[in-house]
Amino acid sequence: NLDDKLDEIEKNIGVSESTLDPTEVRLSTGSLMQDLVLGGGITAGWYTNFGQEQCCKTTDAVQILISALNSDVPILGYYDYEGSAEPNYIENNMKAMGVKADLKSIFGVRDEKTGKYLIPPRVRYRTEGIAEKFFDYIARLQRMLHDKKKIGNQWYYIYDSKTADGKIHKANTALVGKHYDQAYFRKTGKFRIPAPDGSLQALILVDSYPGMLPETQDVDDPNNAVATQARMFSNQLKRVKGRMKSKRIAVIGINQLRLRPMVQMGNPEY
């Protein structure tokens, strides 16, 4: 009866069943060579492009974003911390990859008076300076999205039936109606509904890490800036990294490679 006891423990603490899958669905980067290097393309998780200046880091990341647009990934975002996005260049890349739409239909148009979208965006473009706001967005996105997991040979959307404080989750209960797997619910206490595949639910591009300044950084002390930024990243990544797989979220980040002047020992690149 050990399996029954383990099932009971998993149900009580809210652990849902999943499968180790060697044939995971991956998103093409738009480049055959890069797909081969990445084992078939992008999957849920955190990726970083880094290198010297002018080595096509942003071009590559934008290409992946456009590939996600072509693949109908539902939620797409572009957080531009450097303010360096060039509209004509992005539009030329889109045309080269077969996107038959202009920037307004992709990035949306707002009514200047009401602030509401006249054309809803497929990609939400944001210019930002404070790093914590990006991590706040990812954390809230994870709480909003349901889990998406492969169980056996079928992908499923997994919905919680109870809130964090143990009450009935009225919104999810109303959403799933009677269309959930009742046997799975009795076993795990969660709703599951078949999903068409294991594709991503969201892909967010962030350009770039050096431009993401911590809210508490003391700009009058430049010698402490790198350490403050590193501590912030370490703390913030803990909030979001663990749930990216189950939520099917991918982040494409951009970092830079610099040379330390006067270095005599070791690698001068950092």
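Keep in mind that the numbers below use all heavy atoms, side chains included, and drop hydrogens, waters and symmetry copies. For reference, positions follow the sequence shown, starting with 1.
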Sidechain-backbone polar pair: D102 side chain, S105 backbone, donor-acceptor under 3.5 Å: yes
Are M97 and V62 connected in the hydrophobic side-chain network, where two residues link if heavy atoms are under 4.5 Å apart? yes
When you measure from the side chain of Y47 to the backbone N and O of T43, does any donor-acceptor pair fall under 3.5 Å? yes
Chi angles and distances behind the ring-ring contact (aromatic ring centres under 6.0 Å, His included) call for Y159, F191: CA-CA 5 Å; Y159 298 83; F191 302 120; 7.4 Å; no
Quick check: closest heavy atoms across M244 and G45, and the distance to 0.1 Å? CE-O, 3.3 Å
Counting only heavy atoms from other residues, nucleotides and ligands, does the tally under 6.0 Å from CD1 of I168 exceed 12? no
Could you go through N172 and K190, starting from their C-alpha distance and side-chain angles, then the distance that decides it, and tell me whether this counts as side-chain contact (heavy atoms from CB on, under 4.5 Å)? CA-CA 10 Å; N172 284 352; K190 293 178 179 286; over 6 Å; no
In the structure I gave you, are the side-chain heavy atoms of N255 and N49 within less than 4.5 Å of one another anywhere? no
Check for me, please, whether I249 and Y157 land in the same ILVMFWY cluster - side-chain distances under 4.5 Å, paths through other members count. no
Neighbour count >12 (heavy atoms, 6.0 Å) for atom CG, D3: no
Are V73 and V206 grouped together when hydrophobic residues (ILVMFWY) are joined by side-chain heavy atoms under 4.5 angstrom apart? no
Does any donor atom in the side chain of Q229 or R231 lie under 3.5 Å from an acceptor atom in the other side chain? no
Just verifying a value: how many Å separate F107 CZ and Y125 OH, rounded to the nearest 0.5 Å? 8.0 Å
Would you say N12's side chain and E8's backbone share a donor-acceptor pair under 3.5 angstrom? yes
Would you say that more than 12 heavy atoms from the other residues, nucleotides or ligands in this model lie under 6.0 Å from the CZ of F50, or not? no
Run the side-chain contact (heavy atoms from CB on, under 4.5 Å) test on Q142 and R239 for me, step by step, so that the C-alpha distance in whole Å, both residues' side-chain angles and the decisive distance to 0.1 Å come before the verdict. CA-CA 10 Å; Q142 290 178 338; R239 296 174 58 194; over 6 Å; no
I'd like to know if the side chain of E82 reaches the main chain of S84, judged simply by a donor and an acceptor atom lying under 3.5 Å from each other, with no hydrogens or angles considered. no
Could you go through Q201 and H146, starting from their C-alpha distance and side-chain angles, then the distance that decides it, and tell me whether this counts as side-chain contact (heavy atoms from CB on, under 4.5 Å)? CA-CA 9 Å; Q201 296 196 93; H146 37 264; 3.2 Å; yes
Return the CZ to CG distance between R122 and L76, rounded to the nearest 0.5 Å. 5.0 Å
The test is ring-ring contact (aromatic ring centres under 6.0 Å, His included); show your working for F233 and F135 and say whether it passes. CA-CA 9 Å; F233 258 90; F135 289 100; 5.6 Å; yes
Do K148 and Y156 pass the side-chain contact (heavy atoms from CB on, under 4.5 Å) test, and can you show the C-alpha distance, the side-chain angles, and the key distance before you say yes or no? CA-CA 6 Å; K148 192 176 184 182; Y156 293 93; over 6 Å; no
Please report the interatomic distance CG(L103) to CD(E91), rounded to the nearest 0.5 Å. 4.0 Å
Donor-acceptor check, side chain of D207 to backbone of I254, threshold 3.5 angstrom: yes or no? no
By the definition side chain to side chain contact (heavy atoms under 4.5 Å, CB included), identify the one residue from L145, L203, V123, L200 that meets it with I75. L145
To the nearest 0.5 Å, how far apart are CG in L32 and CD in Q34? 10.5 Å
Same cluster or not: are I106 and V109 linked, directly or through other Ile, Leu, Val, Met, Phe, Trp or Tyr residues, by side-chain heavy atoms under 4.5 angstrom apart? no
Please give me the minimum heavy-atom distance between L27 and S71, naming the atom from each residue. CD1-OG, 3.3 Å
Going from NZ on K149 to CD1 on I151, what distance comes out if it is rounded to the nearest 0.5 angstrom? 7.5 Å
Could you tell me whether D147 and R248 make a salt bridge, using a distance below 4.0 angstrom between a side-chain N and a carboxylate O? no
R258 NZ/CZ over Y270 ring centroid, <6.0 Å and within 45° of normal: no
Closest approach of E269 and N267, non-hydrogen atoms and distance? N-OD1, 3.0 Å
Is a side-chain donor-acceptor pair under 3.5 Å present for T48 with Y209? yes
What about V240 and M212, same hydrophobic cluster or not, with Ile/Leu/Val/Met/Phe/Trp/Tyr joined at side-chain heavy-atom distances under 4.5 Å? yes
Tightest non-hydrogen contact, residues R26 and G39, listed as CD-O, 3.4 Å
Distance, nearest 0.5 Å, that separates CG of D80 from CG of L205: 9.0 Å
For a side chain to side chain contact (heavy atoms under 4.5 Å, CB included) with I252, tell me which candidate from T29, I204, I42 qualifies. I42
Please name the pair of heavy atoms, one in P214 and one in A131, separated by the smallest distance, quoted to 0.1 Å. N-CB, 4.4 Å
Counting only N and O atoms by type, is there a donor-acceptor contact under 3.5 Å from the side chain of R126 to the main-chain atoms of G77? no
Are Y81 and T127 close enough that a side-chain donor and a side-chain acceptor fall under 3.5 Å? no
Would you check if the side chain of S234 reaches a backbone N or O of A230 as a donor-acceptor pair within less than 3.5 Å? no
Would you say the side chain of M94 lies within less than 4.5 Å of the side chain of K100, judging by non-hydrogen atoms? no
Would you call R192-D181 a salt bridge at under 4.0 Å N-O? yes
Taking all non-hydrogen atoms of both residues, which atom of Q52 and which atom of C55 are closest, and how far apart? O-SG, 3.0 Å
Are any side-chain N or O atoms of Q154 and backbone N or O atoms of A195, one a donor and one an acceptor, separated by less than 3.5 Å? yes
Fit a plane to each ring of W46 and F134, take the angle between them on a 0 to 90° scale, and name the class: parallel (under 30°), tilted (30 to 60°) or perpendicular (over 60°). perpendicular
Could you check if a side-chain atom of H169 sits within less than 4.5 angstrom of a side-chain atom of K162, using non-hydrogen atoms only? no
When you measure from the side chain of E132 to the backbone N and O of E215, does any donor-acceptor pair fall under 3.5 Å? yes
Under the 3.5 angstrom rule, does the side chain of N1 hit a backbone N or O of D4 as a donor-acceptor pair? no
